[in-house]
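Heads up: the structure comes next, in structure tokens.
So that the names make sense, note that chain A is the first sequence line, chain B the second, and so on, each numbered from 1.
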There are 2 protein chains.
Amino acid sequence: MADINLTPLRRRAESAETPGTAAAEPLWDIIELLFFAYRDFVSDPDDALAKFGFGRAHHRVLHFINRNPGMKVADLLVILKITKQSLGRVLKQLVDLGYVVQKAGANDRRQRLLYVTPKGETLAMKLAGLQTDRIVRALAALGPDAHEAARRFLIAMLDDDGRDAVLRLIATAGHPRRSDS
Amino acid sequence: MADINLTPLRRRAESAETPGTAAAEPLWDIIELLFFAYRDFVSDPDDALAKFGFGRAHHRVLHFINRNPGMKVADLLVILKITKQSLGRVLKQLVDLGYVVQKAGANDRRQRLLYVTPKGETLAMKLAGLQTDRIVRALAALGPDAHEAARRFLIAMLDDDGRDAVLRLIATAGHPRRSDS
DNA sequence: GAAATATGTCAATATGGCTGACATAAATCT
DNA sequence: AGATTTATGTCAGCCATATTGACATATTTC
């Protein structure tokens, strides 16, 4: 059983590099590992959120507001790629329950800039902690370059035409947003 | 701006290894890259499936039947971690539209062993091809060890108590299942 | 003042999960 | 042989999250 793990891996790697072949042999291992790894990755927050009556949608909203305090509603819609109606329901719950507050923009008072409350930050950090625990556990089982290798792989997997925006978001996050831009 | 990308990375890596620290500093980069990379990863099949009137649920079912011809309904439920009612609706459509067939088990005739039809295999391979294209593109932009590094990272990210089952599934898939087990 | 913008909201619809209850056929146990 | 368990299917209803389309409101910009 164990050897089956490695031998086909090399065969695939070679065939993927075969020139002139239109489509590479499917990389079943990465395809399926991404499915299972991502499912496990989100299961920790999912379980924690269920106790609050929240779902994955709340997590995503809370996460990005926590990471980008003062962001506009429109920015959040772009990041999440959902409609304002979908966001509305979830955001309203987070606001009503005191996890998020909205403040009118100083420059443009139509804007409702989003901030987590201390309560919201606590929850956001708790969820991030669960995910970080898993990542740290994983990286600890690998070599010292594993973090950088994982970063590079995930970045390379992004859509070409969205990569810069994602990298910018990750790099800039944590700083309050200018209320105008 | 650009340097913000690297400097905090090292800081994080160090603090993650700091002994005695209960919770590591959140690994925002991996957390967010997993979100965006997975979303982009599934977007290619999603778009293709939309033209057939299918969704992500159909993809998952078709994928695992294609990979494990002759598998039992019960096995599929375990892999997907959904209920038979949820599977039922999706599976029925795939069968009605001629992508999947069910055959009574030879040993145990209560079982409905699942197989893709040629039509189903074509679609499954097309979807796997889209995902493989993205992975190949990503790995090509990285070093020769990138495939193995990605594999290791994703495997390490799995739940400890499900890792062996996933690895066994990936290793064994492609072979028809015994109808009894 | 008119037009564009940022946001919110109402209504209807689709997808893909869930629980609970019940049905059928086939295998297994006693 | 009859009772029980197992594998699967199905009906009915509910929930979460997404969608589109239409419209409302406040504010900024032209």
Would you say that A/W28 contacts B/H63 through its side chain, given a criterion of any heavy-atom pair below 4.5 Å between the two side chains? yes
Under the side-chain hydrogen bond (donor to acceptor under 3.5 Å, both in side chains) test, residues paired with B/R137 that sit two or more places apart: none
Take atom NZ of A/K119 as the centre, draw a 6.0 Å sphere, and report whether it contains more than 12 heavy atoms from other residues, nucleotides or ligands. yes
List every contact pair, protein side and nucleotides 1-5 of chain D side both N or O, where the distance is under 3.5 Å.
none

With A/V95, which residues qualify under side chain to side chain contact (heavy atoms under 4.5 Å, CB included), at least two apart? A/L91, A/V100, A/Q102
Can you list everything that forms a side-chain hydrogen bond (donor to acceptor under 3.5 Å, both in side chains) with B/R89? Sequence neighbours excluded, please. none
For DNA chain C, which residues of residues 39-64 of chain A approach it to below 4.0 angstrom with any heavy atom? none
Residues in side-chain hydrogen bond (donor to acceptor under 3.5 Å, both in side chains) with A/D44, at least two apart? A/R134
Would you kindly confirm whether B/V116 and B/L77 end up in one hydrophobic cluster when ILVMFWY residues are joined by side chain heavy atoms under 4.5 Å apart? yes
Residues 47-58 of chain B side chain polar contacts: donor-acceptor under 3.5 Å, at least two apart:
| unit_1 | atom_1 | unit_2 | atom_2 | d |
| --- | --- | --- | --- | --- |
| B/R56 | NE | B/D46 | OD1 | 3.3 |
| B/R56 | NE | B/D46 | OD2 | 3.0 |
| B/R56 | NH2 | B/D46 | OD2 | 2.6 |
| B/H58 | ND1 | B/G55 | N | 2.9 |
| B/H58 | NE2 | B/Q93 | OE1 | 2.8 |

Leading and trailing nucleotides of DNA chain C with any atom under 4.0 Å from heavy atoms of chain B: C/dG16 to C/dA27
Counterpart residues, side-chain hydrogen bond (donor to acceptor under 3.5 Å, both in side chains), relative to B/D164 (two or more places apart): none
Here the distance between atom C1' of D/dA7 and atom CE of B/M71, to the nearest Å, is 15 Å
By the definition side chain to side chain contact (heavy atoms under 4.5 Å, CB included), identify the one residue from A/N66, A/T132, A/L127, A/L130 that meets it with B/P26. A/T132
Summary of side-chain hydrogen bond (donor to acceptor under 3.5 Å, both in side chains) pairs that have at least one residue in residues 34-43 of chain B, sequence neighbours excluded: none
Sequence-distant partners of A/F35, ring-ring contact (aromatic ring centres under 6.0 Å, His included), two or more places apart: B/F64
Those residues of residues 83-98 of chain B lying under 4.0 Å from DNA chain C by at least one heavy atom: B/T83, B/Q85, B/S86, B/R89
For A/R112 and D/dT28, give me the distance from atom CZ to atom C1', rounded to whole Å. 14 Å
Side-chain heavy-atom pair B/F153, A/L33 within 4.5 angstrom cut-off: no
